[in-house]
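In this text the structure is predicted, and so the values were computed from the model without any measurement. Just so it is clear, the values below take in all heavy atoms, side chains as well, and ignore hydrogens, waters and symmetry mates.
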Amino acid sequence: MKITETVTRDVVSVEVTDECMVGIVTATPETSLFPASARELAGYLVRAADEAERASNELLHPVTPAKFDTAAISPDCRDGKHQACMGDAWDRAADHETSCDCTCHWTTITEEQAA
């Protein structure tokens with residue numbers, strides 16, 4: 001009778017650091033890999049390098065949201081109740097009250113203008 005067991009241990013780990021670098025940690029200072037494991041490690045390194053490069057590019061060239069993504073819209077206009085809108089909204093970026101940026105106000109004519 002034989003008793004066998006397979007032991008799995010981490011040989012190397014790859015991660016992208018907060019500094020947008022590829023970090024590699026090996027189990028021992030000198031780690032030897034079978035060819036299949038070396039190819040698998042190479043794949044992890046390429047994917048980690050791509051991820052680090054994307055993260056670095058996002059830091060260097062942040063995406064500016066479109067105006068409609070940051071517009072201060074009142075809850076009434078947001079919900080399609082344009083007639084109920086009093087013309088004020090909350091600017092979340094600046095954290096203060098402001099005028100509603102909904103396009104329905106672009107064509108509104110005040111009573112003074114109509115006279």
Side-chain angles (χ1 to χ4, degrees):
M1 174 191 273
K2 288 184 182 180
I3 298 175
T4 62
E5 62 181 26
T6 302
V7 177
T8 304
R9 64 183 175 93
D10 291 335
V11 177
V12 63
S13 66
V14 177
E15 68 178 0
V16 176
T17 68
D18 291 340
E19 293 81 26
C20 301
M21 302 288 286
V22 177
I24 303 171
V25 178
T26 58
T28 62
E30 289 188 31
T31 300
S32 298
L33 300 173
F34 289 107
S37 295
R39 284 187 184 90
E40 186 176 2
L41 173 60
Y44 287 134
L45 287 170
V46 168
R47 286 190 293 279
D50 290 344
E51 182 181 336
E53 192 170 54
R54 275 192 304 275
S56 177
N57 286 337
E58 287 175 10
L59 289 174
L60 294 174
H61 308 288
V63 176
T64 304
K67 176 67 175 166
F68 58 83
D69 290 338
T70 60
I73 305 292
S74 76
D76 290 322
C77 286
R78 180 195 64 221
D79 296 340
K81 303 176 200 170
H82 301 285
Q83 296 294 332
C85 180
M86 300 299 289
D88 56 348
W90 192 259
D91 185 335
R92 288 178 285 193
D95 198 27
H96 65 78
E97 189 173 346
T98 186
S99 59
C100 181
D101 289 336
C102 182
T103 58
C104 76
H105 300 291
W106 293 355
T107 57
T108 302
I109 299 174
T110 65
E111 291 178 29
E112 294 171 340
Q113 292 171 328

I need the Leu41 CG to Leu33 CG distance, nearest 0.5 Å.
6.0 Å
Measure the spacing between OG1 of Thr26 and CG of Asp10 and express it to the nearest 0.5 Å.
11.5 Å
Are Val12 and Leu45 linked, directly or through other ILVMFWY residues, by side chains that come within less than 4.5 angstrom of each other?
yes
Measuring from Met21:CE to Glu15:CD, what's the distance to the nearest 0.5 Å?
12.5 Å
Mind checking side chain to side chain contact (heavy atoms under 4.5 Å, CB included) for Ala84 and listing every partner two or more places apart, or none if nothing turns up?
Asp76, Lys81
Of the non-hydrogen atoms in Cys100 and Cys77, which two are nearest, and what is the gap between them?
SG-SG, 3.8 Å
By side-chain hydrogen bond (donor to acceptor under 3.5 Å, both in side chains), Glu40 pairs with (sequence neighbours left out) Tyr44
Measure across His82 and Cys102 and return the closest heavy-atom pair with its distance rounded to 0.1 Å.
CE1-SG, 3.4 Å
Looking only at heavy atoms, what is the nearest atom pair of Leu59 and Cys20, with distance?
CD1-SG, 3.6 Å
How close do Ile73 and Asp101 get, heavy atom to heavy atom, and via which atoms?
CD1-C, 3.7 Å
Taking all non-hydrogen atoms of both residues, which atom of Ala52 and which atom of Val22 are closest, and how far apart?
CB-CG2, 4.2 Å
